[in-house]
Amino acid sequence: MTIRSWLAAATASLIGLSSVLSAAPACAADAPYKVLVFSKTAGFRHSSIPNGIAAIQALGSANNFTVTATEDAGVFTSANLAQYQTVVFMSTTGDVLNDAQQSAFEAYIRGGGGYVGVHAAADTEYGWPFYGTLVGAWFSSHPAIQQASVTVEDRAHPATAHLGATWTRTDEWYNYQSNPRASAHVLASLNESSYSGGTMGDHPITWCKTIDAGRSFYTGFGHTEESYTDPSFTALLLGAIRYTAKRVDADCSVPTGSSSVVQGESYASTGGVQIASHGPAVGGRTAGFIDNGDWASYPNVSLSNVRGVTVRVASAGAGGTIEFRAGSVTGTLLGTVAVPNTGGWETYRDVFTVLASSSAAPLFLVFRGSGGSLFDVDQFTIARTAVTRQGEGWTSTSGMQAAGHAGATGGQTAGYIDNNDWASYSGVSLSGVLGARVRYSSGGAGGTIEFRASSPTGALLGTLTVANTGGWDTFREAAIPLTASSSTVLYLVCHGGAGSLFDIDEFSLLS
């Protein structure tokens with residue numbers, strides 16, 4: 001390199017660093033602290049790593065923290081980590097820590113340490129379940145670098161407070177193996193209609209969470225070298241560092257009442273399950289080749305405030321059941337759903353069951369059945385909201401009457417139901433609904449309940465079969481998947497044989 005070219009490069013570097021310093025809000029009032037930047041790679045190595053390190057060093061100089069940059073995994077000991085308030089994984093890739101180093105880092109986080117994952121940090125440590133929980137989601141694929149529109153969902157967090165409601169930028173846009181919204185607080189997401197190659201639909205790109213006493217932050221931004229002289233991005237990094245180092249607080253709680261979608265093949269560990277390719281599957285892959293006793297774990301799925309689950313399955317085999325368990329393969333049983341033969345390995349059907357909540361983790365799916373390959377799991381969607389209506393609380397009805405029953409909720413049911421009777425319930429949001437749970441009784445012939453939108457002959461959302469329960473005061477519960485609708489008027493239309501068929505005590509719409 002000539003002196004002239006060296007001076008040009010040095011000048012460009014200084015200009016870039018000065019833009020970082022001028023862009024980031026000054027936080028010199030923070031008590032001094034230390035940040036470890038770790039950039040070891042065991043896979044693809046990003047050319048932007050030196051730029052990222054330089055940007056964080058410049059931020060530290062202006063904001064009262066010192067930076068140690070290393071690729072030596074030997075620094076991951078309990079004694080050494082204790083001096084740092086947060087650790088930045090700068091586009092790490094592959095397996096970068098051994099078992100002892102992993103244990104030390106996990107203890108550091110759970111004991112109150114901080115973690116910031118940048119871009120390829122999601123392409124790291126696939127075999128370590130805790131890291132999956134920490135980063136929030138693992139990398140799956142990416143299209144070419146291109147411009148996209150970012151939706152800023154939280155403009156109060158110190159990492160995103162400087163941004164507008166939308167942010168147009170150019171980067172390499174990761175698709176992830178699972179949606180982190182189930183277990184993390186999403187700060188920004190991608191509008192997949194603004195670029196090509198997105199595969200997630202709901203596509204978080206930056207999020208935060210807490211793990212015991214520790215704090216975690218991840219952003220998918222940061223592939224390009226230019227990112228690290230972008231004032232908006234460096235300000236985001238500063239906010240992430242200050243948040244995880246506990247120099248500023250923020251709400252990183254997981255919103256309740258929001259459903260979460262998990263790809264079947266996005267498991268962290270498994271006993272027997274393999275990934276199968278199927279064109280009609282969401283993302284083209286499923287959890288497949290499932291035999292009796294096989295299992296898969298999903299550490300990124302929060303089990304708090306769980307109401308139910310819809311599972312998209314396919315089977316040309318014997319079918320079987322899926323057990324949802326908390327904590328381990330033999331952990332607390334949250335619910336069981338039956339999987340039928342759907343007519344082919346690429347013929348998909350939704351099945352639904354009610355689930356109990358749990359404070360334990362991770363989620364395990366345990367598969368039961370006989371006769372070779374049982375079924376494939378494409379994806380499952382966990383419902384977290386339940387809206388309950390009393391059967392007799394209709395807006396209007398044709399044929400039904402309120403019936404008194406001591407064992408019914410509130411002492412009454414929708415009763416005296418004959419073939420073709422119906423009831424409507426207005427003010428019911430059917431947008432985002434996943435399934436329904438119905439409490440009923442029958443001393444008669446039983447029959448079916450059709451869930452329809454807008455009218456007795458409106459769009460069919462789902463059908464529940466109701467059996468004789470042994471008496472009008474003997475109540476049972478059943479659940480079915482439902483199709484969402486934009487309507488706010490639900491009709492229950494009842495069919496069956498002669499005489500009184502069944503009573504409806506109450507129903508819950510789960511979303």
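- Not counting sequence neighbours, the partners of E153 by the salt bridge (charged side-chain N to carboxylate O under 4.0 Å, His left out) test are R181.
- A distance of 10.5 Å separates CG in L303 from CZ in F324, rounded to the nearest 0.5 Å.
- Scanning both residues, A245 and Y33, for their nearest heavy atoms gives CB-CE1, 3.6 Å.
- Using a 4.5 Å heavy-atom cutoff, the side chains of F105 and E125 are not in contact.
- The side-chain contact (heavy atoms from CB on, under 4.5 Å) test applied to R437 returns V354, T388, E477, E506, S508, not counting sequence neighbours.
- Looking at heavy atoms from C-beta onward, V88 lies in side-chain contact with I241 at the 4.5 angstrom threshold.
- Side chains of S269 and S297: a donor-acceptor N/O pair is present below 3.5 angstrom, by distance only.
- The CG atom of L510 sits 12.5 Å away from the CZ atom of R384 when rounded to the nearest 0.5 Å.
- Side-chain atoms of Q57 do not come within 3.5 Å of backbone N or O of V67 as any donor-acceptor pair.
- Using a distance-only test at 3.5 Å, with no hydrogens or angles considered, a donor-acceptor pair links the side chain of E192 to the main chain of T199.
- Atom CD in Q379 sits 10.0 Å away from atom OG in S266 (nearest 0.5 Å).
- In this structure, a donor-acceptor pair under 3.5 Å is absent between the side chains of S178 and Q263.
- Residues satisfying the ring pair (Phe, Tyr, Trp, His ring centres under 6.0 Å) criterion with F380, sequence neighbours excluded, are Y298.
- Side-chain contact check for Y218 versus L187: every heavy-atom pair is 4.5 Å or farther apart.
- Side chains of W167 and T160 form no contact here, defined as non-hydrogen atoms less than 4.5 Å apart.
- When the side chain to side chain donor-acceptor pair (under 3.5 Å) test is applied to T332, no partner is found at least two apart in sequence or on another chain.
- Pairs passing the disulfide (SG to SG under 2.5 Å) check and including a residue from residues 198-235, sequence neighbours excluded, read C208-C252.
- The structure places CG of D72 at 8.0 Å from NZ of K40, a figure rounded to the nearest 0.5 Å.
- In this structure, N80 contributes its side chain and V75 its backbone to a donor-acceptor pair below 3.5 Å.
- For residues 479-490, every residue pair satisfying the side-chain hydrogen bond (donor to acceptor under 3.5 Å, both in side chains) rule, not counting sequence neighbours, is listed here: S454-S487.
- The ring pair (Phe, Tyr, Trp, His ring centres under 6.0 Å) check on H203 picks up nothing, with sequence neighbours excluded.
- Listed by chain and number, the residues in a salt bridge (charged side-chain N to carboxylate O under 4.0 Å, His left out) with R110 are E106, D212 (sequence neighbours excluded).
- Using a 30° and 60° split on the angle between ring planes, W128 and F130 fall in the tilted class, from 30° to 60°.
- Inspection of the T86 and R215 side chains reveals no N or O donor paired with an N or O acceptor under 3.5 Å.
- For the atom pair NE2 of H157 and CG of L236, the computed distance is 9.0 Å after rounding to the nearest 0.5 Å.
- Between D171 and T224, some side-chain heavy-atom pair lies under the 4.5 Å cut-off.
- Here the side chain of T93 pairs a donor or acceptor atom with the backbone of G43 at under 3.5 angstrom.
- Checking side-chain atoms of H223 against main-chain N and O of H119 turns up no donor-acceptor pair under 3.5 Å.
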>> With side-chain contact (heavy atoms from CB on, under 4.5 Å) as the criterion, how do T41 and I49 come out once you've worked through the C-alpha distance, each side chain's angles and the decisive distance to 0.1 Å?
In response: CA-CA 10 Å; T41 55; I49 287 175; 4.0 Å; yes

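- Annotation: side chain of Y228 is in contact with side chain of V118 (closest heavy-atom distance under 4.5 Å).
- Side-chain atoms of R247 never come within 3.5 Å of backbone atoms of G239 as a donor-acceptor pair (strictly under, hydrogens ignored).
- In summary, the aromatic rings of F89 and Y131 are positioned with their centroids under 6.0 Å apart.
- Every residue two or more places apart in sequence or in another chain was checked for a ring pair (Phe, Tyr, Trp, His ring centres under 6.0 Å) with F451, and none qualifies.
- Residues passing the salt bridge (charged side-chain N to carboxylate O under 4.0 Å, His left out) test with E346, sequence neighbours excluded: none.
- A heavy-atom distance below 4.5 Å is not found between the side chains of E226 and T170.
- At a threshold of 4.5 Å between non-hydrogen side-chain atoms, the residues Q85 and K34 count as touching.
- The local environment of CZ in R389 is crowded, with over 12 non-hydrogen atoms from other residues, nucleotides or ligands closer than 6.0 Å.
- Remark: Y84 pairs with no residue by the ring pair (Phe, Tyr, Trp, His ring centres under 6.0 Å) rule, at least two apart or across chains.
- In this structure, CD on E71 lies 8.0 Å from CZ on F38, to the nearest 0.5 angstrom.
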>> side-chain contact (heavy atoms from CB on, under 4.5 Å) for L365 and E323? Distances and angles first, verdict last.
In response: CA-CA 6 Å; L365 270 56; E323 298 174 355; over 6 Å; no

>> Would F76 and V96 count as a side-chain contact (heavy atoms from CB on, under 4.5 Å) here? Give the steps.
In response: CA-CA 11 Å; F76 283 78; V96 291; over 6 Å; no

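- Of the N and O atoms on the side chains of N175 and S140, not one donor lies less than 3.5 Å from an acceptor on the other residue.
- Ring geometry for W295 against F364 counts as tilted: the plane angle lies between 30° and 60°, on a 0 to 90° scale.
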> Between V387 and S429, is a side-chain contact (heavy atoms from CB on, under 4.5 Å) present by the stated rule, with each step listed?
Replying inline: CA-CA 9 Å; V387 177; S429 175; over 6 Å; no

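- Considering only residues two or more places apart in sequence or on other chains, R312 meets the salt bridge (charged side-chain N to carboxylate O under 4.0 Å, His left out) condition with D378.
- Between the side chain of W173 and the backbone N or O of Q146 there is at least one donor-acceptor pair closer than 3.5 Å.
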